[in-house]
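In what follows, a structure is listed as structure tokens, so that the remarks can point back to it.
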Amino acid sequence: MDYKDLANLIFPDIKDYTYYEEKYPERNLPEGAEVLRVAPSPTGFIHIGGLFQGLLAKKIADQTGGVFFVRIEDTDQKRKIDNGVEEILNAFEKYGLSPDETVGRGNYGPYIQSERGDIYKSYAKKLISEGKAYPCFCTPEELEESRSNQEKAKERTGYYGKWAKCRNMPIDMAIEKIKNGVPYVVRFRSPGNPERKIKHKDVIKGSIDFPENDLDIIIIKSDGLPTYHFAHAVDDHLMRTTLVTRSDEWVSSVPLHLQLFYELGFKIPKYGHTAPLMKQDGDSKRKLSKRKDPEAAVSYYTEEGIPKESVIEYMMNIINSNFEMWRKQNPDKDINEFEVDIRKMGVSGALFDMVKMHDVSKNVISRFSAEKVYEDAKAWAEVYDSELNEMLENKEYSLRILGIERGNQKPRKDIAKWSDLKDIIYYMYPEKFNKMDKNAFEYQKVTDKSEIEKIVKLYFEKYYNENDDKETWFNKMKDLAGELGYAREVKEFKANPDGYKGHVGDISTVIRVTLTGKCNTPDLYEIIRILGKEEILRRVK
RNA sequence: GGCCCCUUGGUCAAGUGGUUAAGACAUCGCCCUUUCACGGCGGAGACAUGGGUUCAAGUCCCGUAGGGGUCACCA
């Protein structure tokens, strides 16, 4: 009895690995092209970090003329949920990160790990027949016991060396146990020695030194599915990944992965480990947590109504901080024209800054056309805000509102997310204005009730004319100010503050607040035009 | 605890031995302005710490402190 017999017993009727090597040949790509992937798990929770990884991978693939694909890692059957795969794929599509290959398209599939069982078995069989892997019959209880013994003896924990009980089990005994139906897993027989150091060059982190791996990790679980480590090696080899980008929680497994690739006879890909997205928590930072932080979920941005363009734009800032400069110089260029340099990525975790996200979003939205603002806000409101949705029912009218001070050199930057919009445009809708509490209006400087009445009355009796152009309109505002003892120009007032009751700005604020209930609004002239004479007069009654 | 990594203003960050140590967000002041934004100008604010190496250290080396990651039949 030898390793071959053992391999055949464990994996009968499994194709030889050479079959897969031929089926998934090296990709025929131009020099310098990189093949990248993102490999999420369908747990029902889509982490913002997954999107971040996707953006990075797609950018590098696109700009090198390579391939970006999405592989579903669902070997943990316990955490898997029903629509998980669709949700992930939809999220990538929605954010413009459409993969070149994934479930349903591409020649290197299947792209779902649970459908690749035979492939993993084929390579596991290869390892067993070469004596590089072996069945392990240890029970969880035995492993636990071994672990506590290690702790007592102050030795490194794990399945290695003398602690690896099944590592040197005679083949005949193993065969016997299997034939008797004793449950087992398949372990990798690590040739490593931690006394030896290896030097690894990470594309993002630079040189890292670690001891060689000597852990006999499980490669095939008792349910027959591979563990992450083994699936990673087999899949990224067969899918011909050239650059493995992933979150840096994986760096500590690099020695293992390198060893696995080597022992399997695979060409080793490049690795780039990205710093995780962090969150300020009291005095310290920690990883964005899906349990504690709502903003860790992609769905949060959808619900808040932060446009997908804003999220992508913000994440580009984190990927390469010089993106910001580039954007300033090229406000209208497509994001694809920006060249990402993976080596410039930060090596330590960046705080995910919602304030900055909002700022980025304000800029992004300020570049949208009124039509685009309308469409996006409407789509959001249909799902999340029925009142806003109702307000936006009248498209033509809404478009006029959203078009105020938009499209010019210095567009307004007041909307960060669609959930802000209702408050910003509320007063423009007559039936909503009616609901506002007039007594709660804050008039800033001029607060005397009779003075306010006097200003409003005089304005509408003597000056207001709906056909005035903007210049005439504003000149009349100055006339009004003058007539009531306010300075016609702010400068005049500042030069002689005691000579006037106030200035034209104070007057126009009174009109503004009376008509809108707010002192911070866009251009008053535009507002008056849009509201129309009838509505305006109704409001001052 | 072992192993690995990291540390420049409140935050994100330029920086590859010689810089008055960029820029952005936030903050403050001024200007522009009929309000609020926008925009412009300016202010305050940083190389964790101790030793070395060097003519010269944010940058290289060592120690210390702090932070993060990882040590599963989860990925």
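We name chains A, B, ... by the order of the sequence lines, and we start the count at 1 in each one.
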Would you check if the side chain of A:E142 reaches a backbone N or O of A:T139 as a donor-acceptor pair within less than 3.5 Å? yes
Mind listing the N/O atom pairs, protein and nucleotides 21-26 of chain B, below 3.5 Å?
residue	atom	partner	partner atom	Å
B:A24	O2'	A:E324	OE2	2.3
B:A24	O2'	A:K356	NZ	2.8
B:C25	O4'	A:K356	NZ	3.4

Report the distance from atom CE of A:M278 to atom P of B:A13, rounded to the nearest whole Å. 11 Å
So, is A:K78 near the phosphate of B:C74, with a side-chain N or O under 4.0 Å from OP1 or OP2? yes
Checking all strands, does A:R147 fall into the base, sugar-phosphate, or nothing category for heavy-atom contacts under 4.0 angstrom? sugar-phosphate
How is A:T75 classified with respect to the nucleic acid when contacts are heavy atoms under 4.0 Å: base, sugar-phosphate, or nothing? sugar-phosphate
List the residues meeting side chain to side chain donor-acceptor pair (under 3.5 Å) with A:S190, not counting sequence neighbours, and say none if there are none. A:Q259
Any ion pair linking A:R400 and A:E526 (charged N to carboxylate O, less than 4.0 Å)? no
All salt bridge (Lys or Arg N to Asp or Glu O under 4.0 Å) counterparts of A:K287, not counting sequence neighbours: A:E249
With 3.5 Å as the limit, what N/O pairs link the protein to nucleotides 3-7 of chain B?
residue	atom	partner	partner atom	Å
B:C4	O3'	A:D209	O	3.3
B:C6	O2'	A:S348	OG	3.4

Can you tabulate the close N/O pairs, meaning under 3.5 Å, that link protein atoms to atoms of nucleotides 32-34 of chain B?
residue	atom	partner	partner atom	Å
B:U34	O2'	A:G505	O	3.4
B:U34	O2'	A:S508	OG	2.7
B:U34	O2	A:S508	OG	3.0
B:U34	O2	A:R512	NH2	2.9
B:U34	O4	A:D523	OD1	3.2

For Watson-Crick and G-U wobble pairs within 3.5 Å on both distances, what is RNA chain B written in dot-bracket notation, | included for inter-strand pairing? (((((((..(((.....[....))).(((((.......)))))....(((((..]....))))))))))))....
